[in-house]
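Here is the naming used below: chain letters follow the sequence lines, and residue numbers restart at 1 for every chain. Scope of the values below: all heavy atoms of this structure, side chains included, with no hydrogens, waters or symmetry mates.
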There are 4 protein chains.
Amino acid sequence: MSARRRDSQTTAAARAGRRAELLATAAEVFASRGYAATTVREVADAADILGGSLYYHFDSKEAMVDEILSVFLADMWSAYDKVIASGLGARETFEALITESFRCIERYRPAVVIYQNESKHLATNPRFSYLVDSQQRFREMWLSVLDRGVTDGILRADLDTGLIYRFIRDTVWVAASWYRTDGPLPAEEIARQYIAMVLEGILTT
Amino acid sequence: MSARRRDSQTTAAARAGRRAELLATAAEVFASRGYAATTVREVADAADILGGSLYYHFDSKEAMVDEILSVFLADMWSAYDKVIASGLGARETFEALITESFRCIERYRPAVVIYQNESKHLATNPRFSYLVDSQQRFREMWLSVLDRGVTDGILRADLDTGLIYRFIRDTVWVAASWYRTDGPLPAEEIARQYIAMVLEGILTT
Amino acid sequence: MSARRRDSQTTAAARAGRRAELLATAAEVFASRGYAATTVREVADAADILGGSLYYHFDSKEAMVDEILSVFLADMWSAYDKVIASGLGARETFEALITESFRCIERYRPAVVIYQNESKHLATNPRFSYLVDSQQRFREMWLSVLDRGVTDGILRADLDTGLIYRFIRDTVWVAASWYRTDGPLPAEEIARQYIAMVLEGILTT
Amino acid sequence: MSARRRDSQTTAAARAGRRAELLATAAEVFASRGYAATTVREVADAADILGGSLYYHFDSKEAMVDEILSVFLADMWSAYDKVIASGLGARETFEALITESFRCIERYRPAVVIYQNESKHLATNPRFSYLVDSQQRFREMWLSVLDRGVTDGILRADLDTGLIYRFIRDTVWVAASWYRTDGPLPAEEIARQYIAMVLEGILTT
DNA sequence: CATGAATGAGGGTTCATTCAT
DNA sequence: AATGAATGAACCCTCATTCAT
């Protein structure tokens, strides 16, 4: 009985572990080749199993990206929510959000790349409607921070906040496509320089 | 005689015109659906002809993107080269290059989107080796401008110019994915605000 | 009036001439590339016109081979018939038929090659039922000559005449695939050696 | 353990068997309809599977003919090489080569037919350069045998050996197009009569 | 859990053919 | 007579997916 229980526990844990392994592999491949251009066989090859075998673990190719993106977004929002809930001032919030973003990139690089490259196309599928929701929520969050910054007199009022928002969104996330964990600059240093650049500009003062 | 000449002129012009028309349509579709995910039939549908008919004008789907990208890049570089050749100071060069970039986006939006989204994958194909060349040349051009800016004491020396370069590259081009010709802000205004943001930052001074 | 007549005569003659020219070109191309593997465009290219233009002269690609083969077969049979009708002895008939065959090859090489390579497949099409008829008539003609040879004591009786027939048929016609008008051996010399070989064998006596 | 071994043996054998089965089917269809004119679907229909399924076993239609022809040629040359290596006299070599050829036809009829009909066109493709090599080697082998025959005084000197070579080549192989395993004459009898015909001629002596 | 074989829809491409000019 | 553009069926091939073992 206890043997059986241990067995099933082991099995369940192993199954979950295998699942995570396969998802990590899939994310890597999707990120580097592009979701649409990646064949299920390529994912399977990278995981050293046969194409059909993936279907024991996942319902479909779509289900794989779905899980990859959901997990990433859930974690990202949990981090953002903590920042928002901590009641910081506009500037501190700004910096914390950007730092959190770069941390996300560090932890979920492949997922972020997929998100960047594919979410526009995936979003047309009802299954991925949460991508649209997330994007909208993201926009509202940032605009609220930026507007607060303008109101508080911290941010320049002569710039379109919509433009600033896009500016930030684009540069932060696109970093996922070139950021390497083993590169010369650690995530925190990149975040620091990035924040300096965005806040103070690149001109000498 | 003159009738014949006009005829052949009309014919030649019509032919080139049709080609350009089809390319414009294809660029639009590739940009919105993604090159790999777009079927030749979708392009044909958008052009109101049958799939096979495209092959009267183009050798292959690949030949279409090739032409779309080559034309855009040729024009872009001709604009950049003029700026470089005009012997402006570092700051003026900086501003002129960015303004030219936004003008390119305005004129070649779909091509720029395709360039952004697909060039990484396309570049693995020898046929598109010019994409790699262009990217390298682009990088060298910007680094040279930025380094000159630092040397001249115009740009901050405490930031990694490689990071600034990527920062600029990403934000400028990614604008193609949201820029609309009929949007509220004209290209020049966007360029102006963008330059202000990058040079002076978004903080109040 | 007379001008008009001369015109229409000229036109009709020219049309027939053009037709023959195009057919000769088509035969050459079909022979060298294979009928099925040859595209209408390839024929047109060889004739220095556009693909669609061929349809002014011929109803279809099929109509072209049809005409090529019919003309050749009609001429061949007219030659054979003369031989048969001339009441020669078995051996003289044998030699005359073979000589006639090599003459045909000389005059209609491309048509003969097409006949050799494609008639089996074409024959499944009712339009080309005459190919089957011709083959059967050919077989009967030769068997009759060979049987007469055996009866007259001229040909060996220990060989299957069916086998001899195939033997002759194959070697004679297949020569079309390697025979060149400008080669070292003229048609008559080839016929002579060929006849010697078949009749007397290749051993020294 | 032994069960597992038997399993894997069975599997491997079954796999090779299936491959061979499919190749045999393909060869049959290619031979009867012509390679170019045969669609992959026709092959699949004949094998009672769907068109796409063939691509699980073979890379392409081309890969199928390639394997069909390579296997046949390899076996043929292994047989020829044995004959050549056995150091027989000119006449015995002659007879042995022809007998071997008819045996090849018996065993590889469809492959031989394909070889006859398609090798000229296939040979333009670098992948099939071995066809050209084989033809050249074949020619050299025969000319060497024939020349030896003339030198030894066994063969007539008044005939062009190049012509004899073509004569033999054509008649032997073309037999594949009419030879039926279940026909009235067994391969050895055909070879015997064929050799008699070629060596001694068809005239009474 | 994984394999091997097959499915079947659909994708890029070719090509005989048509037709207005 | 010939052109140039288009048609549409069919072709080779790919790939997500299924399923018996």
What is the per-nucleotide protein-contact pattern of nucleotides 7-14 of chain F, from the 5' end, where B denotes a base atom under 4.0 Å from a protein heavy atom, S denotes such proximity for sugar-phosphate atoms only, and - denotes neither?
BB-BSSBB
Arg127(C): partners by salt bridge (charged side-chain N to carboxylate O under 4.0 Å, His left out), with sequence neighbours left out:
Glu62(C), Asp66(C)
Mapping Leu22(D) and Arg18(A) to their closest nucleotides on DNA chain E, which lands nearer the 5' end?
Arg18(A)
Mark yes or no for whether Thr25(C), through its side chain, and Glu21(C), through its backbone, hold a donor-acceptor pair below 3.5 Å.
yes
Using Watson-Crick and G-U wobble pairs whose two distances are both under 3.5 Å, how do you write the pairing of DNA chain F as dot-bracket, with | for links to another strand?
.||||||||||||||||||||
Student check: side-chain heavy atoms of Ile68(D) and Tyr108(D) closer than 4.5 Å:
no
Donor-acceptor pair, side chain of Ser119(B) and main chain of Gln116(B), under 3.5 angstrom:
no
Ignoring backbone atoms, test whether His57(B) places a side-chain nitrogen or oxygen under 4.0 Å from the OP1 or OP2 oxygen of dA6(F).
yes
Taken in chain and number order and not counting sequence neighbours, the residues that satisfy salt bridge (charged side-chain N to carboxylate O under 4.0 Å, His left out) with Glu118(C) are none
Any pair with a residue in residues 26-57 of chain A that passes ring-ring contact (aromatic ring centres under 6.0 Å, His included), sequence neighbours left out, goes on the list, sorted by first then second residue, please.
Phe30(A)-Tyr35(A)
What residue pairs, at least two apart or across chains, pass salt bridge (charged side-chain N to carboxylate O under 4.0 Å, His left out) with a residue in residues 32-54 of chain B?
Arg33(B)-Glu42(B)
Between Ser134(A) and Tyr130(A) (side chain of the first, backbone of the second, donor and acceptor by atom type, cut-off under 3.5 Å), is there such a pair?
no
Expressed as a whole number of angstroms, how long is the span from Asp45(A):CG to dC15(F):P?
12 Å
